[in-house]
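I have placed the structure first, in the form of structure tokens, so that the comments after it can refer back to it.
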Amino acid sequence: MRYLFKKHMIKDRLQEIIEQAVLTCRQEGLLQSAAMPAFAVEAPRNKEHGDFATNAAMLLAPAEKKSPRDIARLLVDKLTGNSTIVERIEIAGPGFINFYLQHEAWCSVLEELEQQGERFGSTAAGSGIKIQVEFVSANPTGPLHVGHGRGAALGDALANILAFAGYEVQREYYINNVGIQMQNLGKSVYLRYLQLLKQDVEFPDGLYRGDYILGVAKEVILKHGERFVKSPEPEALPFFTDFAATLIMSGIKDDLAQFGVRFDNWFSEKTLFEQGAVQRSIDELKARDLAYEHEGALWFRTTRFGDEKDRVMVKEDGTTTYFASDIAYHREKFSRGFARVIDIWGADHHGYVPRMTGVLQALGIAPEGFNVILVQMVNLLRSGVPVAMSTRSGEFVTLKEVMEEVGKDAARFIFLTRRSDAQLDFDLEVAKKQSDENPVYYVQYGHARICSITSFAREKNIPLPAFHDINPYLLSAAEEIELIKKIAQFPELVLGSAQAFEPHRISMYLMELVGMFHSYYSKHRVITDDLNMSRARLFLINGIRRVLRNGLTLLGVRAPEKM
RNA sequence: GCGCCUGUAGCUCAGCAGGAUAGAGCAACGGCCUUCUAAGCCGUAGGUUGGGGGUUCGAGUCCCUCCAGGCGCGCCA
């Protein structure tokens, strides 16, 4: 268990040493200010600036009324000789303190990597914290499209990453199987059914016109024949609604499974009504004078909690709104004991955020516990020409079609290489045409390449060595040290990605790491006549492979052994 | 009109809760396979970070303002 934290050791130790130096200076009267500045210890972008750098002196400067460089000199005085891993310390630029580490400090990373294997990169940061990620949650009124795919990839990867960072994660899909849209769905299928059986009926506007509706209707005929032709409409509709929702939902589940997305819980909106949860929420709000009647409807005073206007929960006709269900649903979620609940929504729902945070405030839930990630639109293009998408008109490209056309891995990687709050252009032709140079293949190729070298070595009677079988000091080429440093960054990268809810950091990192590997590969031969060197390098590149594989797994992308 | 998101190389995007000389990949140009995978590597070129103010030792990053694009502002879901 202890080694779980060991990987942060270098950075954490520097942090401690610096704090200690500040305290010592203070005791000796060299520094006056009382507060410890929130200084950073980070790997500088430019490697000439050392392995780690801190801005501590610059942050102390204003309070001390001294120049940052003068303060840096004071600190460095107390820092030197205080650590075995530091080779030298320099003051640079406006007052940065740069640390240059001994080669030895990095070798321990390779040992940890071996010990942790597929757990390398994980931390215990979220240990004991229950967190829920609710995503996709598309209405079962039609198949998933690319926009849902983006949310699916994001939610799935985020859940993986959070779990890797130690959180106890539940993945949930909320099924909106109640309401007028469901009735429209049933009616759409019913009318198509009648049309297929040569009945002369109108198909009014506002219903679902997609081809998949026809497919559902055919399925009804297949399973139940013509028996509904003669039933009166009000009797037939509930059956059609239910049948369609079930069939479409199972299609959604299939698509998600094919996309590599898994859920722990499928939460049905209907159960909120069956168990009276919606009514209970409404009653509670009424009792607390947070609800009032106006023009025949029942309103929630969301304006009390920062919303721009109050919102209707029960309509004039007596039916409840989607919002009413959501109140009950989120109340229910938090009652399950999650410290944090993350909702991933399409950005077109952003107007909904203030009223939901208002609801949670009204329910006495701390706002930090509720996080909405808004996923911006996907502009689907084909050779630069927008592809129209609308569920009702039936003109859209489904997630399934995209997967079949460009592949699961490429699609996921494209979604996960961008921040979620920026719109995304997804050009089908580009994603396909560039398949040879697509970043996902660049990363996967690196992984396959390492596998190939490893099996080549095995043929030469050099099995994959263990850490204690190699001499890590042989890995002293500049590229090798850079690679080891890059590997060492992985755990904190995962943690940062988890805490910022930003899976794309993983993709970016993997591209950088694999780029360094490809470059290394063409400069240095791994398997040579020098057995010890071959072993050391073989160990190193397999460490890279391990990180690539762990990272790709978090993203839900395959790490192939051959390409 | 109000609100949210975005604006970085010709194109698609990064830039790690302000840090040092803004980076990749495509596209362009020039090189590299008789030895471990050329889906690769090396090099060249490409930028007033949408414009303008401000905050400070320091701004692509924070604040204000203007411009442009997207989305949202129903007793819809």
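Throughout, protein chains are lettered first and strands after them, A, B, ... in sequence-line order, and every chain is numbered starting at 1. Because the structure is a prediction, the values reported are computed rather than measured.
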Q.
Within the 4.0 Å heavy-atom criterion, would you say Leu424(A) contacts the bases, only the backbone, or no part of the nucleic acid?
A. sugar-phosphate

(Q) Side-chain N or O of Lys315(A) versus OP1/OP2 of C76(B): is the shortest distance under 4.0 Å? (A) yes

Q) Can you tell which of C41(B), A77(B), A39(B) lies closest to the side chain of Tyr441(A)? A) A39(B)

Q: Give a yes-or-no answer on whether the side chains of Tyr208(A) and Asn184(A) include a donor-acceptor pair shorter than 3.5 Å.
A: no

Q) When all nucleic acid strands are considered with a 4.0 Å heavy-atom cut-off, which category describes Pro94(A): base, sugar-phosphate, or nothing? A) base

Q.
From C-beta outward on Asn139(A), which listed nucleotide comes closest to its side chain: G69(B), C71(B), A77(B)?
A. A77(B)

Q) Which nucleotide sits closest to the side chain of Met58(A): C75(B), G72(B), G19(B)? A) G19(B)

Q.
Before you tell me yes or no, could you show the steps for Phe300(A) and Tyr292(A) under ring-ring contact (aromatic ring centres under 6.0 Å, His included), namely the whole-Å CA-CA distance, both residues' side-chain angles and the distance that decides it to 0.1 Å?
A. CA-CA 7 Å; Phe300(A) 183 176; Tyr292(A) 64 94; 9.7 Å; no

Q) Which nucleotide in the list G70(B), A20(B), C41(B) gets nearest to the side chain of His49(A)? A) A20(B)

Q. Taking atom types as modelled and ignoring hydrogens, do the side chains of Asn542(A) and Thr454(A) form a donor-acceptor contact shorter than 3.5 angstrom?
A. yes

Q: Check the chi torsion on C33(B) and let me know: syn if it falls within 90° of 0, anti if not.
A: syn

**Q.** Under-4.0 Å side-chain N/O to phosphate OP1/OP2 contact, Arg449(A) with G40(B)
**A.** no

Q | Nucleotide nearest Ala422(A) when distance is taken to its side chain, options U6(B), G3(B), A20(B) | A | U6(B)

Q. Reckon Tyr445(A) touches a base, only the sugar-phosphate, or nothing at all at heavy-atom distances under 4.0 Å?
A. base

Q) Expressed as a whole number of Å, how far does the C1' atom of A9(B) sit from that of G23(B)? A) 10 Å

Q.
Please pick, from C36(B), U6(B), A20(B), the nucleotide with the shortest atom-to-atom distance to any side-chain atom of Val526(A).
A. C36(B)

Q: Report the base-pairing partner of G47(B) (Watson-Crick or G-U wobble, both distances below 3.5 angstrom), or none.
A: none

Q. When the C1' atoms of C42(B) and C33(B) are considered, how many whole Å apart are they?
A. 14 Å

Q | Distance between C1' atoms of G7(B) and G60(B) (Å, rounded) | A | 11 Å

**Q.** Aromatic ring proximity, centroids under 6.0 angstrom, Tyr173(A) and Phe135(A)
**A.** no

**Q.** Phosphate OP1/OP2 of A77(B): any Tyr322(A) side-chain N/O under 4.0 Å
**A.** no

Q | Arg525(A) side-chain proximity, nearest of G40(B), C75(B), C36(B) | A | C36(B)

Q | Side chain of Met377(A) (C-beta onward), nearest among G69(B), C71(B), A77(B) | A | C71(B)

**Q.** Leu555(A), Leu513(A), Leu552(A), Asp409(A) screened by side chain to side chain contact (heavy atoms under 4.5 Å, CB included) with Val443(A), the one that passes
**A.** Leu552(A)

Q. Is there a donor and acceptor pair, one atom on the side chain of Asn55(A) and one on the base of G19(B), closer than 3.5 Å?
A. yes

**Q.** Pair partner, C41(B) [Watson-Crick or wobble, under 3.5 Å]
**A.** G31(B)

Q) Ignoring hydrogens and angles, are the base of G3(B) and the side chain of His350(A) linked by a donor-acceptor pair under 3.5 Å? A) yes

**Q.** Watson-Crick/G-U partner (both atom distances under 3.5 Å) of G3(B)
**A.** C71(B)

Q) Do the side-chain N or O atoms of Ser519(A) get closer than 4.0 angstrom to the phosphate oxygens (OP1, OP2) of C42(B)? A) yes

Q.
Side-chain N or O of Ser522(A) versus OP1/OP2 of C41(B): is the shortest distance under 4.0 Å?
A. no

Q: Name the nucleic acid region contacted by Glu48(A), choosing base, sugar-phosphate or nothing; use a 4.0 angstrom heavy-atom cut-off, strictly under.
A: base

(Q) Regarding A20(B), can its base be found pairing with the side chain of Asn98(A) as donor and acceptor, where the two atoms are less than 3.5 Å apart? (A) yes

(Q) To the closest 0.5 Å, what do you measure between CZ (Arg549(A)) and CZ (Phe120(A))? (A) 15.5 Å

Q. Looking across every strand, which nucleic acid part, if any, lies under 4.0 Å from Tyr509(A) by heavy atom: base, sugar-phosphate, or nothing?
A. nothing

Q: Report yes if a side-chain nitrogen or oxygen of Tyr442(A) is closer than 4.0 Å to either non-bridging phosphate oxygen (OP1 or OP2) of C41(B); otherwise report no.
A: yes

**Q.** Single hit among Leu475(A), Ile470(A), Val526(A) for side chain to side chain contact (heavy atoms under 4.5 Å, CB included) with Leu540(A)
**A.** Leu475(A)

Q: Go through A39(B), A77(B), A20(B) for me and flag the one nearest to the Met563(A) side chain.
A: A39(B)

Q) Are a donor atom and an acceptor atom from the side chains of Asp530(A) and Thr528(A) found within less than 3.5 Å of each other? A) no

Q | Under 4.0 angstrom between Arg505(A) side-chain N/O and A17(B) OP1 or OP2 | A | yes

Q: Pull up the glycosidic torsion of A17(B) and say syn or anti, syn being anything within 90° of 0.
A: syn

Q.
I want to check one thing: is the phosphate of A14(B), taken as OP1 and OP2, less than 4.0 Å away from some side-chain N or O of Arg419(A)?
A. yes

Q. Under a 3.5 Å cut-off for both distances, is C26(B) Watson-Crick or wobble paired, and to whom?
A. G10(B)

Q. Which nucleotide sits closest to the side chain of Lys309(A): G70(B), A39(B), G74(B)?
A. G74(B)

Q. Which is true for His524(A) with a 4.0 Å heavy-atom rule: it touches a base, it touches only sugar-phosphate, or it touches nothing?
A. base

Q. Looking just at side-chain N and O atoms, do Tyr329(A) and Glu269(A) make a donor-acceptor pair shorter than 3.5 Å?
A. no

Q.
Students often get this wrong, so: under 4.0 angstrom with heavy atoms, is Glu561(A) touching a base, only sugar-phosphate, or nothing?
A. base

(Q) Which nucleotide, if any, forms a Watson-Crick or G-U wobble pair with A20(B), using both distances under 3.5 Å? (A) none

Q: May I ask you to verify if any side-chain N or O of His504(A) is less than 4.0 angstrom from the OP1 or OP2 atom of G15(B)?
A: yes

Q. Taking atom P in both G50(B) and C11(B), what distance in whole Å separates the two?
A. 13 Å

Q) Reckon Gln376(A) touches a base, only the sugar-phosphate, or nothing at all at heavy-atom distances under 4.0 Å? A) sugar-phosphate

